[in-house]
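For reference, the structure discussed in these notes is given below.
As a basis for the values below, the full set of heavy atoms in this structure was taken, side chains included, without hydrogen atoms, waters or symmetry mates.
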Amino acid sequence: MEFFNTWADSLAAHASDADERKSWDPDEAPKHYIDIDNYPEFIATGTIPQSFDSLVAIHGLSFLWIREFFLGQY
């Protein structure tokens, strides 16, 4: 844990660097598996369904396709 504590400030300061790079680096977006902020249940409860089928049942395929494959890639 001491190792983590040594780097905690730096990790916090740079946690969103990759998200910022998505706006100008075309190679960054494909590296992102999921933009978790798009899912209201994660904001509310800290969890999301663990299967693709469950996500489709809740949000619909078009939501997942648009959010993760189009909006996620600038």
Side-chain angles (χ1 to χ4, degrees):
M1 190 66 168
E2 185 59 35
F3 176 79
F4 174 77
N5 289 334
T6 302
W7 288 93
D9 290 340
S10 180
L11 292 171
H14 296 284
S16 62
D17 286 359
D19 290 328
E20 293 173 14
R21 278 194 304 271
K22 287 191 325 184
S23 66
W24 57 267
D25 182 353
D27 295 327
E28 187 65 39
K31 298 175 191 175
H32 291 250
Y33 177 69
I34 190 170
D35 283 323
I36 202 71
D37 296 344
N38 291 333
Y39 298 87
E41 62 272 24
F42 181 78
I43 303 301
T45 67
T47 63
I48 63 169
Q50 298 299 301
S51 75
F52 183 74
D53 291 338
S54 296
L55 284 171
V56 170
I58 293 168
H59 297 287
L61 188 57
S62 63
F63 174 88
L64 298 174
W65 180 257
I66 290 168
R67 295 284 181 195
E68 300 307 328
F69 296 102
F70 289 113
L71 297 182
Q73 298 186 25
Y74 297 93

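- A distance of 9.0 Å separates CD1 in Ile58 from CD1 in Ile48, rounded to the nearest 0.5 Å.
- A donor atom on one side chain and an acceptor atom on the other are found under 3.5 Å apart for Glu41 and His59.
- The side-chain heavy atoms of Tyr39 and Leu64, taken from C-beta on, include a pair separated by under 4.5 Å.
- Residues Phe63 and Leu55 form no side-chain contact, since every pair of their non-hydrogen atoms from C-beta on lies 4.5 Å or further apart.
- Cluster membership check: Phe3 shares its hydrophobic cluster with Leu11, using side-chain heavy-atom separations under 4.5 Å among Ile, Leu, Val, Met, Phe, Trp and Tyr.
- The 12-atom threshold is not exceeded at CG of Asp9, counting heavy atoms of other residues, nucleotides or ligands nearer than 6.0 Å.
- Without hydrogens or angle criteria, Ser16 side chain to Asp19 main chain gives no donor-acceptor distance under 3.5 Å.
- In this structure, Ser10 contributes its side chain and Trp7 its backbone to no donor-acceptor pair below 3.5 Å.
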